[in-house]
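So that the names make sense, note that chain A is the first sequence line, chain B the second, and so on, each numbered from 1.
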Amino acid sequence: MRDTTSQDALPALLLEWYDVHAREMPWRVGPAARKAGERPDPYRVWMSEIMLQQTTVATVRDYFQRFVTRWPSVRDLAAAEDADVMGEWAGLGYYARARNLLKCARAVVSEHDGEFPADHAALLKLPGIGPYTAAAVSSIAFDLPHTVLDGNVERVMARLHDIHTPLPAAKPELMTKAEALTPETRPGDYAQAVMDLGATICSPKSPACGICPWRHPCAARAAGTQNELPMKSPKKAKPVRHGTVYLAQRADGAWLLETRPEKGLLGGMLGWPGSDWIDTAQERPQGPPPLPADWTEIPGEVRHTFTHFHLMLTVLTAQVPQESEPARGSFVRRQDFRPSDLPTVMRKAFDLVTN
DNA sequence: AATTCGTGGGT
DNA sequence: TACCCAAGAAT
């Protein structure tokens, strides 16, 4: 039997589902409380959206709690030291987000009197806020009818309309479809509802079509193509790169660390001095050590995969005298050093040396 | 417009 | 093991 659901009925169907099945999150005001007039704190909504970029909810929860506990307001965050914010972000990845997080907080204080603008265009101008996040903050925090297009919405729209154009080429078309469905009433709940649907029902693998509020109007389900959508352009293979890092410990126990340059991989993060990382060289790149010492190679190596390459790191370590003068980096006393301040690949090197 | 930018968990 | 995937932005 052909579906007779009107397109106009889709938002209401989804909101009805969301009223019952909304996921609970520390930054979210649930549908019942929102109906009672409660609004989420724009600072917390913004913080969560930045953290959630390409990152799972499960991973974000703990980071979010630590950040808002340590910096409860945008003014607190704007006043923070760069190194403290980068250290707290360590392990979450995509470190440009942390650098822009600080820039954005400071811009909100200096240019917007410490209040996030509700205006979509004004949000777009802030560091680290792109089309998705501007729509998410304006809709979720201010209940304005803007359309979020994230990976969930792309998948839901591709299936709902049985669109076979591969991503990312399909994005404009998917955005048009998503905009056509965005309601004027409860746009904030609707935005969160589509994403919840994509995360819990219309999942990438084995979607639970039988319990989906949109199962009747879904074109992919009718065609049986839901498991193949969305189509994606083939991705390139990852090359292997090699490098060397040097872990020097001073007589008093201090470790030799350096803050990486602002731009590029792991920009602004703490790390061990070392060589450049280069593609499959026959000989391992060693570079010059940060200071002359009796360097010992640690058996085994650090293997780590980034977004676009695999890395194999040789780890060298040395005990050096108290009066050492390194050519690079500076010694950090043990009580000032938390391994959790390191990005994961650097923490792996530390673990290899200390375990 | 194609690349660059992390990480952990699931399969 | 290897690949996929997650509330993308900047360049």
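Of the candidate nucleotides C:dG8, C:dA6, B:dC5, C:dA6 has the atom lying nearest to any side-chain atom of A:Lys232. Minimum atom distance to the side chain of A:Val345 is reached by B:dT7, of the listed B:dC5, B:dT7, C:dG8. Of the candidate nucleotides C:dG8, C:dA7, B:dT7, B:dT7 has the atom nearest to the side chain of A:Phe306. Set against C:dA6, C:dA9, B:dG6, the side chain of A:Arg97 has B:dG6 as its closest nucleotide.
Distance CG (A:Leu266) to C1' (B:dT4): 12 Å, rounded to an integer number of Å. Nucleotide B:dG6 holds its C1' atom 16 Å from the CD1 atom of A:Ile50, rounded to whole Å. As a whole-Å value, the separation of A:Leu167 CG from C:dG8 P is 12 Å. Atom NE2 in A:His310 sits roughly 11 Å away from atom C1' in C:dT1 (whole-Å rounding). Residue A:Met25 contributes atom CE, which lies 10 Å from atom P of C:dA7 at whole-angstrom precision. One interatomic measurement links the two molecules: CD of A:Glu49 to C1' of C:dA9, which rounds to 14 Å at whole-angstrom precision. Look at CG on A:Leu311: it is 11 Å from P on B:dT7, rounded to the nearest Å. Rounded to an integer number of Å, the gap from A:Met269 CE to B:dT7 P is 8 Å.
In this model, the phosphate group of C:dC5 is approached by a side-chain N or O of A:Lys235 to a distance below 4.0 Å at OP1 or OP2. Between A:His308 and the phosphate of B:dT4, there is no side-chain N or O to OP1/OP2 separation shorter than 4.0 Å. At least one side-chain nitrogen or oxygen of A:Tyr95 sits closer than 4.0 Å to the OP1 or OP2 atom of B:dT7. In this model, the phosphate group of C:dG8 is approached by a side-chain N or O of A:Gln54 to a distance below 4.0 Å at OP1 or OP2. Dashed line: the shortest gap from a side-chain N or O of A:Thr55 to OP1 or OP2 of B:dG6 is not under 4.0 Å.
No contact: A:Ser48 has no heavy atom under 4.0 Å from any strand. Residue contacts for A:Met346: at a heavy-atom cut-off of 4.0 Å it reaches no nucleic acid atom on any strand shown. A:Leu92 comes within 4.0 angstrom of a nucleotide base, judged by non-hydrogen atoms across all strands. A:Lys236 comes within contact range of the sugar-phosphate backbone alone, with a heavy-atom separation under 4.0 Å but no base atom that close. Note on A:Gly264: only backbone sugar-phosphate atoms sit closer than 4.0 angstrom, heavy atoms only; bases stay farther off. Residue A:Pro131 is classed as a sugar-phosphate contact, given heavy-atom separations below 4.0 Å to backbone atoms only. Using a 4.0 Å heavy-atom distance criterion, A:Trp89 is classed as making no nucleic acid contact.
Checked by distance alone, A:Arg23 brings a side-chain donor or acceptor within 3.5 Å of a matching partner on the base of C:dA7. A donor-acceptor contact under 3.5 angstrom links the side-chain atoms of A:Tyr94 to the base of B:dG6.
The backbone N or O of A:Gly274 lies less than 3.5 Å from a partner atom in the side chain of A:Arg328, making a donor-acceptor pair. With A:Arg155 contributing its side chain and A:Pro230 its backbone, the two residues share no donor-acceptor pair below 3.5 Å. Put simply, the side chain of A:Gln192 gets close to the backbone of A:Gly188: a donor and an acceptor are under 3.5 Å apart. A donor-acceptor pair is defined here as one N or O able to donate and one able to accept, closer than 3.5 Å; such a pair exists between the side chain of A:Asp76 and the backbone of A:Ser73.
In summary, the side chains of A:Glu297 and A:Thr314 do not present any donor paired with an acceptor at a separation below 3.5 Å, with no hydrogens or angles considered. No hydrogens or angles considered: a donor-acceptor pair under 3.5 Å links the side chains of A:Tyr132 and A:Glu49.
Comparing A:Asp196 and A:Asn100 by the nucleotide of DNA chain C whose heavy atom lies nearest to each, the residue mapping closer to the 5' end is A:Asp196.
A:Glu323 pairs by the side-chain hydrogen bond (donor to acceptor under 3.5 Å, both in side chains) definition with nothing, not counting sequence neighbours.
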Dump the pairs, protein N or O against N or O of nucleotides 8-11 of chain B, anything under 3.5 Å, distances to one decimal.
{"residue": "B:dG8", "atom": "OP1", "partner": "A:Thr344", "partner atom": "OG1", "Å": "3.4"}

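The separation of B:dG8 from C:dA9, taken at their P atoms, amounts to 22 Å, rounded to a whole angstrom. Straight-line distance between the P atoms of C:dA7 and B:dC5: roughly 23 Å, to the nearest whole Å.
Taking CH2 of A:Trp46 as the start and CZ of A:Phe116 as the end, the distance is 4.5 Å to the nearest 0.5 Å. The distance from atom CE of A:Met51 to atom OG1 of A:Thr59, rounded to the nearest 0.5 Å, is 11.5 Å.
For the segment residues 140-158 of chain A, residues with any heavy atom less than 4.0 angstrom from an atom of DNA chain C are, sorted by number, A:Asp150, A:Gly151, A:Asn152, A:Arg155.
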Fill in: Worked check of side chain to side chain contact (heavy atoms under 4.5 Å, CB included) between A:Leu197 and A:Asn152
CA-CA 8 Å; A:Leu197 185 73; A:Asn152 290 306; over 6 Å; no
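A cation-pi arrangement is present between A:Arg66 and A:Tyr63, with the terminal nitrogen or guanidinium carbon under 6.0 Å from the aromatic centre and inside a 45° cone about the axis.
Proximity of the aromatic rings of A:His304 and A:Phe306 is defined here by a centroid distance below 6.0 angstrom, and this criterion is met.
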